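Have a look at the structure below, then the notes.
Note that this is a predicted model, so its numbers are computed, not measured.
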Protein chains: 2
Amino acid sequence: MAKHDPNLNLKFAALSDETRRAVVSRLARGPASVSELASAHAMALPSFMGHLSKLEAAGLIETTKKGRVRYCRLSADGIAPVTHWLAEQQALWTSRMDQFDAYVAKIVKERTDET
Amino acid sequence: MAKHDPNLNLKFAALSDETRRAVVSRLARGPASVSELASAHAMALPSFMGHLSKLEAAGLIETTKKGRVRYCRLSADGIAPVTHWLAEQQALWTSRMDQFDAYVAKIVKERTDET
DNA sequence: TAGATAGTTAGGCAAATGGCTAAGCATGAT
DNA sequence: ATCATGCTTAGCCATTTGCCTAACTATCTA
């Protein structure tokens, strides 16, 4: 993955709203139709549809139309780049703490050998 | 953690920009001064400072002033709520896949017993 | 065919965002 | 005291965001 993946912008931005995160959580439990998803949110349908559009543009969900009903489901691996990026930072951070721990252990040993 | 944590909005929003993610990655390797951080980004200093403000408001970094230099470092556990929320969704999704796997295994067994 | 349901499109509004320049303040160096 | 460095504040601009209502289209039901 490129160091600066513009899609990461979209994914984090898509998740920066509690309504959209609620949709992701709901879909983590299984697919649902737009009406079903919308019924849990007190907002106008076009506004809610706007949220779904952002999630889809970010690659986090997929939608399909069957007759007059649009079904939504999480995209397989849609969230993976987000999780990967966070794991990278965690690894960098942990590596630093490991170095710090090693440094402290070294200092302690030096003090112990002095006595 | 509340189901809808407004701070999660701020954290995801703070990470929805590649400049701010670059800052987080840099700080994962150790603290740095504002000038040091800014030197890696082609933008006016006040604009860059705006990014640091958003990261700080989101609780992802902490800054301290020593003389005329402002130092930045990652907040311990600042990113934890983001990681936790993602882990929750992963668990929900995985739980669904487990149910699906169990269902498939049951179907396969039924077909096998028929022969 | 008419009515109901599910979603889509268009336009609007206030607030937020991400950048800029200019000017200024605080601190350190000479 | 003056100059340099590091940051801070203020105001501006274009774009995006998150919501709204109104009107419309597509599909299903009776």
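Checked against salt bridge (Lys or Arg N to Asp or Glu O under 4.0 Å), B:Glu36 has the following partners two or more places apart in sequence or in another chain: B:Arg26. Take B:Ala44 and apply the side-chain contact (heavy atoms from CB on, under 4.5 Å) test, not counting sequence neighbours, and it matches B:Pro46, B:Ser47.
D:dC19 atom C1' lies 15 Å from atom NE2 of A:His41, rounded to whole Å. Taking atom CG of residue A:Asn9 and atom P of nucleotide C:dT17, one finds them 15 Å apart after rounding to whole Å. If you measure from atom CG of A:Asp17 to atom P of D:dT16, you get 18 Å, rounded to the nearest angstrom. Here D:dT17 presents its P atom at 17 Å from CD of A:Glu18, a figure rounded to the nearest Å.
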### Task
Using the side chain to side chain contact (heavy atoms under 4.5 Å, CB included) rule, take A:Asn7 and A:Leu10 through it: C-alpha gap first, then chi angles, then the decisive distance, then the call.
CA-CA 5 Å; A:Asn7 216 29; A:Leu10 291 177; 3.5 Å; yes

Sub-3.5 Å pairs of nitrogen or oxygen atoms, protein against nucleotides 25-28 of chain D:
from: D:dT27; atom 1: O3'; to: A:Arg68; atom 2: N; distance (Å): 3.4
from: D:dT27; atom 1: O2; to: A:Arg68; atom 2: NH1; distance (Å): 3.1
from: D:dC28; atom 1: O4'; to: A:Arg68; atom 2: NH1; distance (Å): 3.0

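Residue pairs meeting the ring pair (Phe, Tyr, Trp, His ring centres under 6.0 Å) criterion with at least one partner in residues 46-66 of chain A, sequence neighbours excluded, are A:His41-A:Phe48. Contacts classified as salt bridge (charged side-chain N to carboxylate O under 4.0 Å, His left out) and involving residues 61-81 of chain B (residues at least two apart or in different chains) are given here: B:Glu62-B:Arg73.
Residue-to-nucleotide proximity on DNA chain D shows that, of B:Glu36 and A:Ala13, the 5′-proximal contact is made by B:Glu36.
Contacts between residues 43-55 of chain A and DNA chain D, defined by a heavy-atom separation below 4.0 Å, involve A:Met43, A:Ala44, A:Pro46, A:Ser47, A:His51, A:Lys54, listed by number.
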